[in-house]
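Structure first, then comments.
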Amino acid sequence: MTPRLRPIRCGAGLGLAPPPGGSPQGRAEAAAAAAGARAESVPPPPPKMNIMDFNVKKLAADAGTFLSRAVQFTEEKLGQAEKTELDAHLENLLSKAECTKLWTEKIMKQTEVLLQPNPNARIEEFVYEKLDRKAPSRMNNPELLGQYMIDAGNEFGPGTAYGNALIKCGETQKRIGTADRELIQTSAINFLTPLRNFIEGDYKTITKERKLLQNKRLDLDAAKTRLKKAKVAEARAASEQEVRITQSEFDRQAEITRLLLEGISSTHAHHLRCLNDFVEAQMTYYAQCYQYMLDLQKQLGSFPSTFLSNNNQSSSTPVQSVSTPSVLASASASLPSVSNSIVTSGISELKSSSGNRKARVLYDYDAANSSELSLLADEVITVYSIPGMDSDWLMGERGNQKGKVPITYLELLN
């Protein structure tokens, strides 16, 4: 008798999918088995960290520390708690740092006022510096005055005495303005910048470390207060451990602060070198200005006393009295004291004799009529006096040209 064979289901027990032609029940069982296998192969997700719990714990710890410091500080102010005093050397260093910061700020601000008197211009430069942009270039006060003088001289006429003098003064003022710019630039780089770096850099670091030292001291004193109040042996042991930890942290912070404060002596030495640079820049500036004005004085010669005397005349004196050189000469004739100051001994001798002298022309002069002689600055002419001539005039001779010339425009040569 032939035995009956049981049909074997494809994939049974091997985790294989049934053939496409299998029964629906077989296909469902195979799908369930595959899903279970995939679920077992995926590792479980890690437990989520509760960030909120961590932040709350840290916030609570910080709040506790802050409250402890606040209580300790208040009790110290009320005299109800002891305070750990800093050693005398550290206290002296702190006082020296505060004094250095105070006077450095005052010197820096006043130097800025000296170099730039206009507060609006200083504010503008500060804003552009914070925006990291270059401030627009503008004419400073000496340059602006010099430009006005040059424009006025060209308007009045470079050939006139007043116009020529204005142009020369204007050019000198512009040179002084250039020197002023150089002084500001040099002083800003060599003097103001190091002072500002100390205030905004080194001293801020000192202030930060000093604040940390204050907090460490409050923590130490608060721990000492808790140790005194501890009654139970276990609480006392914990308080002693806390005092040792806070004492170590306080000592470490005090040493860091002391090292920073001892650098103030090096800061003073550095600022001394910067001060020498500032003095040298000022010396160069004032020497340049003196030389510019000396050259201008040589170009203009001795300024006629008649012009200076007009400043002391009464308000009733007509303004037109200084309009032309010829009128100046006649105005000086009405002031004996001025005429006496102008007529030097050399001119007096020339008028009393029949000889002639060489004279250098100080300023350009335009003849008012045919009886006068036009003059050019720095030229040399021959002058002499004739009987009956006005005391403020001489006869001038240049080649074949002759005419009256005002003595205020002349410098007699030996």
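Everything numeric in this text was worked out from a predicted model, so none of it was measured.
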Where is the tightest heavy-atom contact between [X] and [Y], given as atom of each residue plus distance?
| X | Y | value |
| --- | --- | --- |
| Ala161 | Tyr363 | CB-CB, 3.9 Å |
| Leu115 | Ser187 | CD1-CB, 3.6 Å |
| Phe191 | Cys274 | CD1-O, 3.5 Å |

When you compare the side chain of [Y] with that of [X], does any pair of heavy atoms fall below 4.5 Å?
| X | Y | result |
| --- | --- | --- |
| Leu86 | Leu94 | yes |
| Met108 | Leu192 | yes |
| Val383 | Leu412 | yes |
| Leu195 | Thr111 | no |
| Thr408 | Asp392 | no |
| Gln401 | Ser374 | no |
| Val361 | Leu410 | yes |
| Leu261 | Glu209 | no |

For [range], pull every pair meeting salt bridge (Lys or Arg N to Asp or Glu O under 4.0 Å), keeping only residues two or more places apart or in separate chains.
| range | answer |
| --- | --- |
| residues 221-230 | Glu82-Lys228, Arg217-Asp221, Arg226-Glu242 |
| residues 254-266 | Glu255-Arg258, Arg258-Glu262 |
| residues 149-158 | none |

Please name all residues satisfying salt bridge (charged side-chain N to carboxylate O under 4.0 Å, His left out) with [X], sequence neighbours left out, ordered by chain then number.
| X | result |
| --- | --- |
| Asp219 | Arg69 |
| Arg273 | none |
| Arg181 | Glu143 |
| Glu105 | Lys101 |

Donor-acceptor check, side chain of [X] to backbone of [Y], threshold 3.5 angstrom: yes or no?
| X | Y | value |
| --- | --- | --- |
| Asp180 | Ile176 | no |
| Asp364 | Thr160 | no |
| Thr246 | Val243 | yes |

[atom1]/[X] to [atom2]/[Y] distance, rounded to the nearest 0.5 angstrom?
| X | Y | atom1 | atom2 | result |
| --- | --- | --- | --- | --- |
| Ile256 | Thr205 | CD1 | OG1 | 12.5 Å |
| Leu275 | Ile107 | CG | CD1 | 8.0 Å |
| Ser248 | Leu220 | OG | CG | 10.5 Å |
| Arg175 | Gln288 | CZ | CD | 9.0 Å |
| Tyr409 | Leu394 | OH | CG | 14.5 Å |
| Leu183 | Leu114 | CG | CG | 7.5 Å |

(request) Show your reasoning for whether side chain to side chain contact (heavy atoms under 4.5 Å, CB included) applies to Leu413 and Arg357. (result) CA-CA 7 Å; Leu413 302 177; Arg357 293 276 297 275; over 6 Å; no
With no hydrogens and no angle check, just 3.5 Å: does a side-chain donor-acceptor pair link [X] and [Y]?
| X | Y | answer |
| --- | --- | --- |
| Asp295 | Gln291 | yes |
| Asn276 | Glu280 | no |
| Arg244 | Gln247 | no |

List the atom pairs, with distances to 0.1 Å, where a side-chain N or O of residues 167-174 and a protein N or O form a donor-acceptor pair under 3.5 Å, not counting sequence neighbours.
from	atom 1	to	atom 2	distance (Å)
Thr172	OG1	Lys168	O	3.1
Lys174	NZ	Gln147	OE1	2.8

(request) Quick one: which residue pairs count as a ring pair (Phe, Tyr, Trp, His ring centres under 6.0 Å) with a foot in residues 218-254, not counting sequence neighbours? (result)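 Passing the test, one end in residues 218-254: no pairs.
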Non-neighbouring partners of [X] that pass ring pair (Phe, Tyr, Trp, His ring centres under 6.0 Å), sequence neighbours left out:
| X | answer |
| --- | --- |
| Phe156 | Tyr162 |
| Tyr285 | none |
| Phe198 | His271 |

(request) Look at atom CG of Asn141 and say whether more than 12 heavy atoms of other residues, nucleotides or ligands are closer to it than 6.0 Å. (result)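 Atom CG in Asn141 is not crowded, with 12 or fewer foreign heavy atoms closer than 6.0 Å.
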(message) Are there over 12 heavy-atom neighbours, none belonging to Gln185, within less than 6.0 Å of that residue's CD?
(response)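 No - once you tally the heavy atoms of other residues, nucleotides and ligands closer than 6.0 Å, there are 12 at most.
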(request) Decide yes or no on side chain to side chain contact (heavy atoms under 4.5 Å, CB included) for Thr104 and Ile199, but give the supporting numbers first. (result) CA-CA 8 Å; Thr104 299; Ile199 297 296; 4.0 Å; yes
(request) Could you please spell out the steps behind the side chain to side chain contact (heavy atoms under 4.5 Å, CB included) verdict for Leu227 and Arg236? (result) CA-CA 6 Å; Leu227 177 61; Arg236 189 171 183 81; 3.9 Å; yes
